[in-house]
K.L.:
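Here it is: the structure, laid out below.
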Number of protein chains: 2
Amino acid sequence: MNKHEIQVTVDIVVFTIHQHRLNVLLIQRGIPPFKGQYALPGGFVLANETLEAAAFRELHEETGTENVYLEQLFTFGDPKRDPRGRVVTVAFYALVPSDQSPLIAGTDAAAAGWFTVDELPPVAFDHLKIIDYAVNRLRNKLEYTTVGFELLPKKFTLTALQVLHEAILGRALDKRNFRRKILALGLVKATKEMEATGRKPARLYSFRNAK
Amino acid sequence: MNKHEIQVTVDIVVFTIHQHRLNVLLIQRGIPPFKGQYALPGGFVLANETLEAAAFRELHEETGTENVYLEQLFTFGDPKRDPRGRVVTVAFYALVPSDQSPLIAGTDAAAAGWFTVDELPPVAFDHLKIIDYAVNRLRNKLEYTTVGFELLPKKFTLTALQVLHEAILGRALDKRNFRRKILALGLVKATKEMEATGRKPARLYSFRNAK
DNA sequence: CCAAAAGTGTTAGGAGTACACCCATGG
DNA sequence: CCATGGGTGTACTCCTAACACTTTTGG
């Protein structure tokens, strides 16, 4: 064994929107250390997979989610961050659409749950720091990219998109300015369908690049 | 030995400005693989140091530089990126002021050198990808932060600051607009000194937060 | 007819961009 | 006196932000 070998893990901050709030997925640990505490989904990187593949695999194994948007965040390597030894973790964040988010399969449902980002339980390791980092990244990215669409179903109302932005940014936005800006960006197109859930029916839109 | 153990390295993209161009520091490899080719300074993370400390240490050992601005970039973990085995590298970038940059100590001067970013020699491993990533990050950061000052001596002319921005962005900027914007940001203050090198003496400025 | 959410325009201020000439100095 | 780089202002455009009422539907 080479003295330079270190254990490498991935940890994933999975976001979704629930009840107009930004939520993070946490899993209750069944084994020490931090047994019983909540932690981010994640695990060891295997010998022949990329970091991204490891993140997708862990996410699938622990939560059943698939085809999510995934992006590398930052790598945390404090020598004392894991009491078991030297573990460097590559953190990712993932976005899952709100219409798919309740499905937590492949794991004991009692042991996993969504938590709004400003009411988190105690979390294991340095995972709180990782979550904070991810929330900040998500907020920044929202300002200059289209990441937000990843959190919505294929068809959505402009109000739903606005609620999503407000949930991530943590502040209210002006309805008229928001709609004008989104439509001006040209990333979204009106469908012929309406959503009849509220009082007055709302037009459904879709993201232009289904990618 | 645990099957999950992987070698972890750091690699550092060291930037400076030379002759109005953005330059990167490369070191010629003395041993295989890629013997004789240029590569980024870097090396293994030791058991009891943080990733950042490893980057500072390697930088000091290989180039003699100290007190540089250092920021984590991205982690590259393709299983095939290093022919010797599984090596995950955490990439950083560093900024060294132009008045300190010629000092390459602690290494054979013939084996290290500055290269302008658009005239790079062949580089080892996936280091070209890392350099590209770093250049993009630096360009983006310049738009909304003050990283640029890290590349200048303590006192500098506004023209020097403009040349720096132009070197990083790779395009010319309007002199009047640039000066207005920089002064409006209030990050810089005029000193009483002048630089007499050109024809008409130029006022020297200093960065407001000496930090 | 009432409650609830959808939808829609105008105005004012600030930021960015384009553009050309005079000034101070050393040789 | 001339070559060189230092230094300065104005006008236009575009983006952002503030702000309130009408419409459509279900009950």
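Naming: A, B, ... by sequence-line order, numbering from 1 per chain.
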K.L.:
How many Å lie between CE on B/Met194 and P on D/dG5, as a whole number?
P.N.:
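Atom CE in B/Met194 sits about 16 Å away from atom P in D/dG5.
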K.L.:
Does C/dG7 have its OP1 or OP2 closer than 4.0 Å to a side-chain nitrogen or oxygen of A/Arg179?
P.N.:
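Yes, A/Arg179 has a side-chain N/O under 4.0 Å of OP1/OP2 on C/dG7.
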K.L.:
May I have the distance from B/Phe178 (atom CZ) to D/dG7 (atom C1'), rounded to whole angstrom?
P.N.:
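Rounded to whole Å, this separation is 14 Å.
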K.L.:
Hey, which of A/Thr9, A/Asp78, A/Asp82, A/Asp126 is the one that makes side-chain hydrogen bond (donor to acceptor under 3.5 Å, both in side chains) with A/Thr89?
P.N.:
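The option that passes is A/Thr9.
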K.L.:
Without decimals, in angstroms, what is the distance between B/Leu183 CG and D/dG7 C1'?
P.N.:
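Whole-Å distance recorded here is 11 Å.
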K.L.:
Given D/dA18, C/dG7, D/dT8, which nucleotide is nearest the side-chain atoms of A/Lys175?
P.N.:
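Shortest atom-to-atom distance from the side chain points to C/dG7.
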K.L.:
Heavy atoms from C-beta onward define the side chain here; which of C/dG7, D/dT16, D/dG5 lies closest to that of B/Lys200?
P.N.:
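It is D/dG5.
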K.L.:
Whole angstroms only, please: what is the CD1-C1' distance between B/Ile182 and C/dG16?
P.N.:
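After rounding, the gap between these two atoms is 14 Å.
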K.L.:
Please report the distance, rounded to the nearest Å, between CD in B/Gln162 and C1' in D/dG7.
P.N.:
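My rounded result for the distance is 12 Å.
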K.L.:
Whole angstrom is fine here: how far is it from CG in B/Asp174 over to C1' in D/dG9?
P.N.:
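Going from CG in B/Asp174 over to C1' in D/dG9 covers 12 Å.
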K.L.:
Check whether any side-chain N or O of A/Thr191 sits under 3.5 Å from a backbone N or O of A/Leu204 as a donor-acceptor pair, and report yes or no.
P.N.:
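Yes, the answer is positive, given that a donor and an acceptor are paired below the 3.5 Å cut-off.
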K.L.:
From D/dT24, C/dG16, D/dG9, pick the nucleotide closest to the side chain of A/Pro201?
P.N.:
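The nucleotide sitting nearest to the side chain is D/dT24.
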K.L.:
Does a side chain donor of either A/Arg180 or A/Asn177 reach within less than 3.5 Å of an acceptor in the other side chain?
P.N.:
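Yes, A/Asn177 and A/Arg180 have a side-chain donor paired with an acceptor closer than 3.5 Å.
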K.L.:
Rounded to the Å, how far apart are B/Leu161 CG and D/dG7 C1'?
P.N.:
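So the two atoms are 15 Å apart, to the nearest Å.
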K.L.:
Output the single nucleotide from D/dC19, C/dT10, D/dG6 whose closest atom is nearest the side chain of A/Arg180.
P.N.:
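In terms of side-chain proximity for A/Arg180, the closest of D/dC19, C/dT10, D/dG6 is C/dT10.
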K.L.:
Taking the side chain of B/Arg203 as heavy atoms from C-beta outward, which of D/dA17, D/dG7, C/dG7 is closest to it?
P.N.:
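Selected nucleotide (nearest to the side chain): D/dG7.
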K.L.:
Can you tell me if B/Arg176 touches the phosphate of C/dC19, counting only side-chain N or O atoms and a distance under 4.0 Å to OP1 or OP2?
P.N.:
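Checking B/Arg176 against C/dC19: no side-chain N or O falls below 4.0 Å of OP1 or OP2.
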K.L.:
Please confirm whether the backbone N or O of B/Thr116 pairs with a side-chain atom of B/Asp118, one donor and one acceptor, at under 3.5 Å?
P.N.:
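Looks like no, no N/O pair under 3.5 Å.
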K.L.:
Using only side-chain N and O atoms of A/Thr159, determine if any of them is under 4.0 Å from OP1 or OP2 of C/dA5.
P.N.:
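No.
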K.L.:
Distance-only, no hydrogens or angles: does the B/Arg208 side chain make a donor-acceptor pair with backbone N or O of B/Gly186 under 3.5 Å?
P.N.:
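It does hold such a pair.
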K.L.:
Starting at atom CG of A/Leu169, determine the distance to atom C1' of D/dA17, rounded to an integer number of angstrom.
P.N.:
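From A/Leu169 CG to D/dA17 C1': 15 Å.
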